[in-house]
Structures are given as C-alpha cells and as structure tokens.
Amino acid sequence: LDLGRRPCCWMKNERLFLSDDNLRNITRRELDAIISNLGGFGSDNRAGLEKKLHRISGLPDRDGVYVGLTMRVGRWFQGNAAMLLDLLLGSDKSILILGEPGSGKSTIIRETVRVMANDYNVCVVDTSNEIGG
C-alpha cells in the first residue's frame with residue numbers, strides 16, 4: 001500500500017488491484033490507521049503480527065514518515081524439509097540458501113527447524129520473526 005497509489009497485491013508474478021475503482025488511492029488517514037494498529041515498527045522498519053508468520057514492512061520518507069506498507073504473507077508447508085535434513089544431519093557445515101522473494105526460503109527453513117526440534121535442541125536466531133512467527 002503506497003500513499004497516493006491504487007492498492008494492489010502481487011500473486012504469482014501478477015499484479016492484482018484491490019479495488020475496481022481506478023481513481024481509488026491510498027490516503028494518509030488509511031496508512032496512519034493501519035500503522036496505529038500495529039504497535040510500532042522496529043529499527044528495521046518491520047512490524048510482526050503476534051503469533052502469525054506475516055510481517056509488515058514500512059517505507060519511510062526522508063523525514064521518517066511512513067509513505068508505504070508492504071505485507072508479506074508467511075506460508076507453512078509440511079513435508080519439504082527432507083532436502084535440507086540430508087545435508088544438515090551428521091555435518092558441521094553451513095548452508096547458504098538463496099532465492100528470489102517468494103521462492104520459499106523461509107518456508108523450507110521453518111519446516112526444517114520444526115522437524116529437527118523433534119529430536120535435537122534447536123536454537124533459531126530470527127530478528128525479523130520470519131521463522132518463528
């Protein structure tokens with residue numbers, strides 16, 4: 001949601017407008033109302049939704065006033081950890097996971113941590129609350 005722009009979302013590389021009214025733009029009042037319900041942003045301009053995998057990132061202008069919000073919808077899929085477990089178990093090596101936004105990096109890490117926690121002590125350092133919610 002960007003101040004002065006038509007509200008939209010992206011799904012599968014396609015932009016979908018959230019209003020049929022071509023003249024409908026996001027107002028300052030709407031942005032402020034959403035922000036006031038979040039409880040504030042951290043130093044990284046991110047706000048999490050408690051006990052949810054979703055995250056809202058704020059885009060401040062030069063004066064620190066938020067002019068845009070992006071909501072990331074966290075996903076959880078069971079059963080996709082096997083590809084990482086083979087590499088992690090019995091090894092002291094590190095793994096770097098790279099991918100485009102929305103490609104499932106956090107999703108596969110979240111599931112791998114869940115599966116490993118059944119048999120091992122697992123510690124997750126997640127300052128943006130993307131893994132633990």
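Just so we're clear, the structure is a prediction, and the values are computed from it rather than from any experiment.
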Checklist entry - Can you list the steps and then say if Arg114 with Val122 is a side-chain contact (heavy atoms from CB on, under 4.5 Å)? => result CA-CA 9 Å; Arg114 185 192 70 78; Val122 177; over 6 Å; no
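- The CG atom of Asp119 sits 9.0 Å away from atom CE of Met116, with the distance rounded to the nearest 0.5 Å.
- In this structure, the side chains of Leu85 and Thr112 come closer than 4.5 Å at one or more pairs of heavy atoms.
- Residue Ala47 comes nearest to Gly40 through the heavy atom pair CB-O, 3.6 Å, listed as atom of the first residue, atom of the second, then distance.
- Atoms CD and OG, on Glu111 and Ser106 in that order, are 13.5 Å from each other to the nearest 0.5 Å.
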Checklist entry - Can you check side-chain contact (heavy atoms from CB on, under 4.5 Å) on Ile35 and Leu69, steps first, answer last? => result CA-CA 9 Å; Ile35 292 168; Leu69 300 174; 4.1 Å; yes
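- Arg28 CZ: more than 12 foreign heavy atoms inside a 6.0 Å radius.
- Looking at every heavy atom in both residues, Ala33 comes nearest to Asn37 through O-ND2, 2.9 Å.
- Here the closest non-hydrogen pair linking Leu31 and Leu1 is CD2-O, 4.1 Å.
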Next on the checklist: Set out, in order, the CA-CA distance, both residues' side-chain angles and the distance that settles side-chain contact (heavy atoms from CB on, under 4.5 Å) for Asn22 and Phe17, then state yes or no.
Outcome noted: CA-CA 9 Å; Asn22 291 341; Phe17 289 101; over 6 Å; no
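- The heavy-atom pair separating Asn25 from Gly4 by the smallest distance is CG-O, 3.5 Å.
- Heavy-atom neighbours of Asn118 CG from other residues, nucleotides or ligands within 6.0 Å: above the threshold of 12.
- The two atoms that bring Leu23 and Asp21 nearest to each other are N-OD1, 2.9 Å, heavy atoms only.
- Follow the hydrophobic side-chain contacts under 4.5 Å out from Leu59 and you never reach Trp10; the two are in separate clusters.
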